[in-house]
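Note on naming: letters A, B, ... go to the chains in the order of the sequence lines (proteins, then strands), and numbering restarts at 1 for each one.
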Amino acid sequence: MDKVEELSRAFEQLAELSEIKGEVRFKVNAYHRAAEVVRTYGEEILEKDDVDELRRYPGIGEGIAKKILEFKRTGTISKLEQLKEEIPVELLTLLQVPNLGPKRAKLVYEELGVRTIEELQEAAESHRLASLRGLGPKAEQNILEGIRQLQQGSGRLLLSTASRLAEEIVGLMRERIPGLVISPAGSLRRMKETIGDIDLLVSSEEPGRVMEIFCDLPLVSKVLLHGDKKSSVLTDEGLHVDMRVVRPEQYGAALQYFTGSQSHNIRVREIAKKKGLKINEYGVFVVEGDRRIAGETEEEVYRVLGMAWPPPELRENRGEVEAALRGRLPRLLEEGQVRGDFHVHTRASDGINTLEELREAAEARGYRFLAITDHAASLKVAGGLDRDRILRQVEEIRALNARGDSPVILLAGAEVNVGNEGELDYDEEVLSQLDVVIASVHSGFKQSREQITRRILTALRHPHVKIIGHPTGRLLGQRPPYEVDLRAVMKEAAELGKALELNAFPDRLDLNDEALLEARELGVMIAIGTDAHRAEHLSFMRFGVATARRGWVPPDLVVNAREPEEVLRWLWDGRR
DNA sequence: GCCGTTTTCGGCCCGACTGTTTTCAGTCG
């Protein structure tokens, strides 16, 4: 775990332990906020050396600034260590159980000595929970249900999976209620890389009927809540889906509220409050007299607060609130600006389509270029191309382009492996014929931070390499990122005018949004590649674009938004 | 613990749903 992650987790633990201890809510919130600020501005914050500089960040005051400096100095925070002595840290795992929060965690620990989820389950099964003050048989059952959900709950869904499921439910609802106004909200609308539960918002005059239909859908296996305004179900695959229904004139306010993020909403409501307004999911109201002044559209809700409309992908309380207030929201990449894809495999290595099939698919998407980047020879598992085969492929590509019958220019390329010393697996003669060389780490994931960073820097400095592929190597839910000093890689890339990949394959999304925020700050160019292994995968571009937007990346840093001539100039610059 | 063209003290987002309540606490998002 890197330092940023560690510090952010430390504040998270500080918040949770304080909450169990019974500290005032506001202090707990302040720690949560600090954890979030650290996650957002991590590296930058860790470079700061004095309290006053740190206090410029929103939500960091004297107390938290001193704790950050203490962490830098000693690797820990004494206040946290102290709390850990008072409250067993295992109790934090209890908070993961749905329907059991800090109050009940404290109660079961103090009254029954319960510290672990196993002990909690035993206590519930032997009906010792129901005897506690404020708990009864239902609460006991709900906690057991929570434990069950936690154990079988596959955790978070990939964005792509959640999108597909949401579309399926929307389809089923519209079959039953033609013309139904229904939209994804929550983290799905914000396009987070993983989704905890699917949130859907409906506009209707007949909430009762909508909820009946929703709770009766064939894929629903258990109804967790069933109200007129809010219902919550588990699907047969154990996925959690929430639905809210509001009246049409409330739709904008509800969409704003239900899209979140929670901390974005808190900030927005604070602003409303200072203006003598109140925001809830039904509208914006003047507190005096309870007069409603907005709510039909989201734009209207933000406008009456003096804010520009922040795109959902930005709503994470990472500075977008301030930017929207000043009317200085960043220009963001849009899918329509994308002229091509930098990372595609054919059947020559481990993909399934031919050059022509892929070119057709690119044409259908309105692209102007498509980089063909099969694996190089040393990646045997992926059927990597040896010297002869890659040279033949280059010829084929040149011949296809020469036919001049497509608006899409194919770029001859390869995804080459970065060896243990940063060496590449094609020789100069091959590399010098390729338009695009992506260098990726596919081995030695367990090496030290120093070694991996050195390998990547060496590859990055190679004259023929213009892009570092999936720079952290993580696979969501399967493999953590390897240890690499990303900031050093970013600085070097910015210096050399080279790009880091934003790999848009749904399991990767690498660089992620947080790294992209940093890359943008440093002015690093970004090349989005879908890592497509079949033609349909080209549509993963939407997840890449969404992730770039979440990282505030402006279109002029994204190489995909350039015309092919300009892309080629960049690719060949400094190589001959 | 943070924060301030209303305040350096006294505020701090807002509501739905559930269960155990005799008027509301806990959890969730």
Side-chain angles (χ1 to χ4, degrees), chain A residues 11 14-15 18-20 22-37 54-68 77 79 94-108 129-143 145-146 149 185-188 190 195-201 207 211 223-232 240-246 250 253-254 256-285 287 305 317 321:
Chain A
F11 279 121
L14 209 41
S18 303
E19 194 169 14
I20 293 176
E23 288 280 9
V24 288
R25 193 160 45 93
F26 312 110
K27 196 187 247 191
V28 174
N29 290 346
Y31 287 138
H32 277 299
R33 181 88 201 280
E36 194 177 71
V37 173
L54 285 168
R55 291 189 59 177
R56 290 200 195 116
Y57 292 89
I60 297 186
E62 190 177 344
I64 285 175
K66 284 186 174 157
K67 289 183 175 64
I68 292 174
I77 297 171
K79 176 81 181 267
L94 291 187
L95 297 184
Q96 295 167 16
V97 176
N99 308 321
L100 183 95
K103 295 288 193 307
R104 288 171 176 174
K106 184 181 181 174
L107 191 67
V108 298
L129 292 187
S131 66
L132 295 176
R133 179 175 35 87
L135 274 76
K138 287 282 189 158
E140 197 167 67
Q141 280 312 304
N142 285 339
I143 286 171
E145 171 66 23
Q149 279 175 39
S187 50
L188 182 55
R190 302 199 309 279
I195 307 295
D197 31 75
I198 292 176
D199 296 317
L200 297 170
L201 177 66
M211 286 309 195
V223 177
L224 300 172
L225 303 174
H226 184 167
D228 246 16
K229 297 178 165 139
K230 173 177 178 174
S231 293
S232 187
H240 197 136
V241 184
D242 287 338
M243 180 171 286
R244 304 277 311 228
V245 183
V246 296
Q250 302 166 333
Q256 193 286 324
Y257 153 75
F258 206 22
T259 297
S261 65
Q262 195 176 12
S263 66
H264 172 89
N265 282 357
I266 289 173
R267 297 295 316 285
V268 169
R269 290 168 188 201
E270 281 170 2
I271 288 162
K273 191 157 194 159
K274 282 182 191 143
K275 291 182 182 292
L277 303 173
K278 183 183 75 170
I279 296 192
N280 58 28
E281 52 267 58
Y282 309 117
V284 183
F285 300 84
V287 173
L305 299 178
N317 193 22
V321 173

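- The salt bridge (Lys or Arg N to Asp or Glu O under 4.0 Å) test applied to A:E281 returns A:R244, not counting sequence neighbours.
- Separating the P atom of B:dT18 from that of B:dT23 is a span of 22 Å, rounded to the nearest Å.
- Look at B:dT21: its glycosidic torsion is beyond 90° from 0, and that puts it in the anti range.
- Regarding A:Y282, its OH atom lies at a distance of 9 Å from the P atom of B:dG15, rounded to whole Å.
- Straight-line distance from the CD atom of A:Q250 to the P atom of B:dA16: 10 Å, rounded to whole Å.
- Every residue two or more places apart in sequence or in another chain that forms a side-chain hydrogen bond (donor to acceptor under 3.5 Å, both in side chains) with A:N317 is listed here: A:E36, A:R267.
- Between the C1' atom of B:dC13 and the CD1 atom of A:I266 lies a distance of 6 Å, rounded to the nearest Å.
- Between A:R267 and A:V24, the residue anchored nearer the 5' end of DNA chain B, judged by the nucleotide with its closest heavy atom, is A:V24.
- Side-chain atoms of A:R104 do not come within 3.5 Å of backbone N or O of A:G134 as any donor-acceptor pair.
- Residue A:K79 is in sugar-phosphate contact alone, with no base atom involved, counting any heavy-atom pair closer than 4.0 Å across all strands shown.
- Distance check on atom C1': B:dC9 versus B:dC14 gives 25 Å, rounded to whole Å.
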- What one-letter contact string describes nucleotides 2-7 of chain B from 5' to 3', where B marks a base within less than 4.0 Å of any protein heavy atom, S marks contact via sugar-phosphate atoms alone, and - marks no contact? SS----

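- Distance from the side chain of A:R25 is smallest for B:dC13 among the nucleotides B:dC13, B:dG19, B:dG1.
- When Watson-Crick and G-U wobble pairs are counted only if both distances are under 3.5 Å, B:dC14 pairs with B:dG29.
- Legend: residues meeting side-chain hydrogen bond (donor to acceptor under 3.5 Å, both in side chains) with A:N265, ordered by chain and number and at least two apart, are A:Q256.
- Taking atom C1' in both B:dG11 and B:dT7, one finds a spacing of 9 Å when rounded to whole Å.
- Taking atom NZ of A:K278 as the reference point, atom C1' of B:dG15 lies 9 Å away to the nearest angstrom.
- For the pair A:V246 and A:L201, the minimum side-chain heavy-atom distance is below 4.5 Å.
- One finds the CG atom of A:D242 at 5.5 Å from the CZ atom of A:F258 (value rounded to the nearest 0.5 Å).
- For A:E140 and A:R244, each mapped to the nucleotide of DNA chain B holding its nearest heavy atom, the one lying further toward the 5' end belongs to A:R244.
- In this structure, A:E19 places its CD atom 16 Å from P of B:dG1, rounding to the nearest Å.
- Phosphate contact (OP1/OP2 of B:dG15, side-chain N/O of A:N280, threshold under 4.0 Å): present.
- Applying the side-chain contact (heavy atoms from CB on, under 4.5 Å) criterion to A:A65, with sequence neighbours excluded, gives A:V51, A:L54, A:R55, A:I60.
- When the C1' atom is compared between B:dT5 and B:dG1, the two are found 24 Å apart, to the nearest whole Å.
- Straight-line distance between the P atoms of B:dG4 and B:dT8: roughly 13 Å, to the nearest whole Å.
- Backbone-only engagement by A:K67 is indicated by non-hydrogen atom pairs under 4.0 Å involving sugar-phosphate atoms exclusively.
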- Using a cut-off of 4.0 Å between protein heavy atoms and nucleotide atoms, how would you tag nucleotides 24-29 of chain B 5' to 3' with B, S and -? --SSSB

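- By the 4.5 Å heavy-atom criterion applied to side chains, A:V37 and A:F11 are not counted as neighbours.
- For A:E62, the side-chain hydrogen bond (donor to acceptor under 3.5 Å, both in side chains) partners two or more places apart in sequence, or in a different chain, are A:K66.
- For A:F26, the listed nucleotide lying nearest its side chain is B:dG1; candidates were B:dT18, B:dG15, B:dG1.
- Straight-line distance from the CG atom of A:L132 to the P atom of B:dG19: 17 Å, rounded to whole Å.
- Considering only side-chain atoms of A:L225, the nucleotide from B:dC17, B:dT20, B:dG1 that sits closest is B:dC17.
- B:dT20 sits 31 Å from B:dC12 when the P atoms are compared, rounded to a whole Å.
- Sorted by first then second residue, the side-chain hydrogen bond (donor to acceptor under 3.5 Å, both in side chains) pairs that include residues 133-143 of chain A, not counting sequence neighbours, are A:H127-A:E140.
- If you measure from atom NE2 of A:H32 to atom C1' of B:dC12, you get 15 Å, rounded to the nearest angstrom.
- Across B:dG15 and B:dG10, the matching P atoms stand 26 Å from one another, rounded to whole Å.
- Annotation: salt bridge (Lys or Arg N to Asp or Glu O under 4.0 Å) contacts of A:K103 (sequence neighbours excluded): none.
- Taking the P atom of each, B:dA16 and B:dT22 are spaced 23 Å apart, rounded to whole Å.
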